[in-house]
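Below is one structure, written out as C-alpha cells, with a few remarks after it.
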Amino acid sequence: MSVYDNLNPPQKEAVLCTEGPLLILAGAGSGKTRVLTHRIAYLISEKGVNPWNILAITFTNKAAQEMRERVNNLVGEGAESIWVSTFHSACVRILRRHIDFLGYDNHFAIYDTDDQKNVMKEVYRKLEIDTKLFKERAVLAEISHAKEKLISPADMEKEAGRDRTALVVANAYREYEQILRKNNALDFDDLIARTAELFEKHPQVLEYYQERFRYILVDEYQDTNYAQFRFVSLLASKYRNLCVVGDDDQSIYRFRGADIQNILGFEHDFPDTRIIRLEQNYRSTKNILQCANMVIANNEKRKTKTLWTENEEGEKIHFRQFMNGFEEAEYVVGEVQAAVRTGEAKYKDYAVLYRTNAQSRMFEEKLLAAGIPYKIVGAVNFYARREIKDLLAYMRTVDNSVDDLSVRRILNVPRRGIGDRTQEVLQDYADEYGISFYDALCQIDEIPTLKRSAGKIGSFVSMIRMLKTKAEDCSVRELLEEIISVTGYRDELEKEGTEESESRLENIDELISTAQSFMDAAKEEGREATLSAFLEEIALVSDIDTVDPGQDYMLLMTLHSAKGLEFPRVFMTGMEDGVFPGYGTIMSGTQADMEEERRLCYVGMTRAMKQLTLTAARQRMIRGDVQFNKTSRFIHEMPREIVDLGHTVRETSGSVKESMKARSGLPFASSKPSRGFSDTAPGIYRNNPYTHVPKPAKQFQVTAAAKPDYQEGDRVVHMKFGTGVVKSIVSGGRDYEVTVDFDRAGIKKMFAAFAKLKKI
DNA sequence: TTAACAGGCCTTTTT
DNA sequence: GGCCTGTTAA
C-alpha cells in the first residue's frame, strides 16, 4: 500500500502521467492540490527526478506556502530545492540574476499601484496631459493590459494610428516606461513581461532555465494572462513536461487580463496533450454542490462538466433577506455568536464573503461591538499605509538611490521645510543634466537659485549617506530602527498624541517585527537577510498571506480573495442585483461580464463545506446614499427545494412558503425573477431576533431622478467636455445614465444628475 | 509654505 | 461616505 493508493482513479492517473503536456480540469474541491503535491513526490521518489529540476507555480503566496508545506511532508529530503512560488516571485528571482542582460541594474525596485500612480502624475506633468480628460487610473489600466499582452509602447503607437486619444495613451505609456527605467524600477506587470522578454531576446538564458526546470506545474491555469502563458510555454518548450491545472468555471480575473483561452486552447498550444478531469468533490455537501451546479449551468461559455460528491446531503442552503445592511450584519454576527456559544462551531470556521471591499465596514463595526475576533483580508494592505510606505521609501533610497520616486517621497517627510517649489527646481536641474534626483541633491551647491534651502538639503543628504554607510554592516532591523529615530519620525508621531498617530506607531512596531521575522526566516533557511531581499519580499506579499490558521478568528474578504480557500461555514452577503452582480455589469456589461460574475458566485458557493448562508438587504447605503435593490438574479437560479428561507414569516400576506408551494416544482430559475422572492412587499422576512419592526412601505419607494430635458440625438453642452450629441439615455434605478459623444472629448458615459448637461 | 476647507468624483474585483 | 485636488487665508 503506497501513498498513491489513497487517490481516486483519475487523480492517480494525473499523478502517474509525468511526461509530456498534461491538462487537468479540476473542479472546485476535487483535490487538485493533493494531486499536484503527490505528483511532485512521485516525480522525485519514483522517477528519480532531481528536486532541483521542478518548478511549481501558484497564484498567491499563501497557496505556494501551503503547497510547500505539503510537499515537504511528502518528500522530505531535498524538498527545499524545489521551486514552489508565485509567477511574480519566480520572475523576480530570475530577474535578480539576469536582468542586466536587458540593461537594468539587478538592484531594481518594485513599484506598487501607489508608486505607479505617482509615476503617472509625473508623466502627466511632463506631457501636459489634462487630468480631466484622461483619468490616471484608466490610462494605467490600459498600460497594464498592454503589458499583460506584451505590447510595447511602439506597438501601441502603431496600433493607435491616427486616433488622438489612443495616441495620448501610447505616449503616456512610453514616457511611463522611461521613468521606470530611469528609476531602475519595475511594476508588477513588468516582472512577468520582462522575464518573457529576457527569454525571448537571450536564448542562452532561456536555455539555462529550460535545463533547470524540466518539470513544470502550474496551478490556477485559467487565470493566466498572455505574458504568463508566454513565460510558461517558453520555459516548457524544450522538455514539454508541462502540467497545468485549472477550472474554466473558476476563471474570475478576466478584468486583469486573464485569458480563458489559455486553458480552453491548451490542447491546441501543446499537441499530444493528455486531458484528465477531476469531477469528484470532497469538500462540500450534496446540497451546496447541487446549488452551485445549478447556478453555473446558466453560463453558456464553458466546458460542461458536473461535479458530484459522496458527501452527505447536509443542511439546506439558507437565504435571508433584511431591511438593510445594518440588520444583515447583525444577523451574521448573531448567528456566529450563537453557534460559538453552544460549542457547535469556532470563529475560524466562518468566513464572510462580499463583492466589494467597501462592504466590510458594516461587519467590522458589528464584530467589534460584539467582541468577536476577526480579520479583514485585503481592505487596506498593511504595506500601503502611509507610515509604512514612508519608512520603506527611506529603505529604498538607501538601497537604490536612483529610485527618484522614493527619494522625493521622503525629502520632506517628516517636515524639513523643503517645499514643492524647491523640489521642482531640483527636478528641473536633474532633468537638464540627465542625472537622478538624488544626485541633484548631492550637487546642491551648484544650483544658485536654491541658496536658502541648501543647508536643509545638505543635512538630508548627509543623513542618507550616514544611513548608507550604516546599512553596510548592520541588520535590516537595525537599519529600520535607525531610520525611525534619526529622522525624528517616531518623535513626530508621539508628539501628536492622537488616536490616529497611536495606530501609526503600532504599525511601525509591526514593521519592525516583520523585519525581525524576515531575518529569522532567512537565518533558518541559510539565506542572507539583505536589504534588497527584504524590500522585495514586502513588495510581493499580500494580506491573505498573513492569515494564521492557528488563531481562532473569523475571516472577512472579497469573493475574489476567497478563491482557493475553504471554510466549514460561509456567509455570502450582499446578494442583490446592483451589488452582486455589480451595477456596472448589469447596466453596461456584456454577457461575458455577467458570466464572469456568475463564476464568481460559483467560486463563493463552492468555498463552503458544511453550511452556506446567503444574505441580502432591501436597502443599502452605497457611496453615501440609499439604494434599493432586488435580490440577486443568482439567487433565483438556485433550486428552491434546497433553499431554506427561514421561518418567521408575516402571516397576513400569506407565508412565503405558501406562495412558494403554489408554484411548486418550478425551480427559482424558471419563474420570473421578480416573483421568485418577494421584491415588492417589504418586511416579509422578519426571520431573526434582531430584526426591527419594518417601517411603512412608502419609505422604500424608489424615487427616481427627474427625467432629463434632453433626448437622444439632441446636442448638449457639458461644463468640461464641451458640446456633443446624446447617444443614449438609460434609466439606471435612481438616476439616468446618459451616453454622449463629445466633439472634443469622445464618448463619455455619465449620470444625468452629475453631468448637468444643457440642451442647446 | 502650510493647514484648513470646499467641491468633484467615484467603485468592482488583485499580484 | 471618503479620497483627491485646488483654492484660500495665515
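All values below come from the heavy atoms of this structure, side chains included, with hydrogens, waters and symmetry mates left out.
Using a 4.0 Å cut-off, some side-chain N or O of A:S561 falls inside it from OP1 or OP2 of B:dT14. A close approach under 4.0 Å does occur between a side-chain nitrogen or oxygen of A:N412 and OP1 or OP2 of B:dT2. Using a 4.0 Å cut-off, no side-chain N or O of A:T558 falls inside it from OP1 or OP2 of B:dT12. Listed pair A:K135 / B:dC10 fails the phosphate criterion, with no side-chain N or O lying under 4.0 Å from OP1 or OP2.
A:R254 comes within 4.0 angstrom of nothing in the nucleic acid, heavy atoms only. At a threshold of 4.0 angstrom between heavy atoms, the contacts of A:F87 with the nucleic acid are absent. Contacts of A:K117 with the nucleic acid, taken as non-hydrogen atoms under 4.0 Å apart, are absent.
The closest donor-acceptor contact from the side chain of A:R416 to the backbone of A:L411 lies under 3.5 Å.
Separating the CG atom of A:N225 from the C1' atom of B:dT14 is a distance of 12 Å, rounded to the nearest angstrom. Residue A:K121 contributes atom NZ, which lies 4 Å from atom P of C:dT5 at whole-angstrom precision. Rounded to whole angstrom, the span from the CZ atom of A:F188 across to the C1' atom of B:dT14 amounts to 9 Å. Here B:dC10 presents its P atom at 16 Å from CD of A:Q627, a figure rounded to the nearest Å. What separates CD of A:E220 from C1' of B:dT13 is a distance of 15 Å, to the nearest Å. Atom pair A:M557:CE and B:dT14:C1' shows a separation of 14 Å (rounding to whole Å applied). For the pair A:L600 CG and B:dT12 P, the interatomic distance rounds to 14 Å; values are reported in whole Å. At whole-Å resolution of the value, CD1 in A:I143 and P in B:dT15 are 21 Å apart.
Comparing B:dT1, B:dT15, B:dT13 against the side chain of A:T422 picks out B:dT1 as the nearest. Of the candidate nucleotides B:dC10, B:dT12, B:dT15, B:dT12 has the atom nearest to the side chain of A:E597. In this structure, of B:dT15, B:dC10, B:dT14, it is B:dT15 that holds the atom nearest to the side chain of A:T60.
Secondary structure note: stems in DNA chain B built from 3 or more consecutive Watson-Crick or G-U wobble pairs under 3.5 Å occupy B:1-9 with C:2-10.
Residues A:R137 and A:H88 both approach DNA chain B. Their nearest nucleotides, taken by heavy-atom distance, put A:R137 toward the 5′ side. Mapping A:T113 and A:R355 onto DNA chain B via the closest heavy atom, the residue that lands nearer the 5' end is A:R355.
Salt bridge A:D112/A:K389: present, at least one basic N to carboxylate O contact under 4.0 Å. Salt bridge A:R599/A:E596: present, at least one basic N to carboxylate O contact under 4.0 Å. Classification of A:D249 and A:R302 as a salt-bridged pair holds, one side-chain N sitting under 4.0 Å from a carboxylate O. In summary, A:E365 and A:R361 engage in a salt bridge, as defined by a charged side-chain N under 4.0 Å from a carboxylate O.
The shortest distance between side-chain heavy atoms of A:E597 and A:Y602 does not fall below 4.5 Å.
A:F255 has its ring centre less than 6.0 Å from the ring centre of A:Y253.
Using bins of under 30°, 30° to 60° and over 60° for the plane-to-plane angle, the ring pair A:F213/A:W83 lands in the tilted bin.
For B:dT13, the base is not stacked against the aromatic ring of A:Y253, per a cut-off of 5.5 Å between centres and 30° between planes.
Of the P atoms belonging to B:dT13 and C:dC4, the separation is 15 Å, rounded to the nearest Å.
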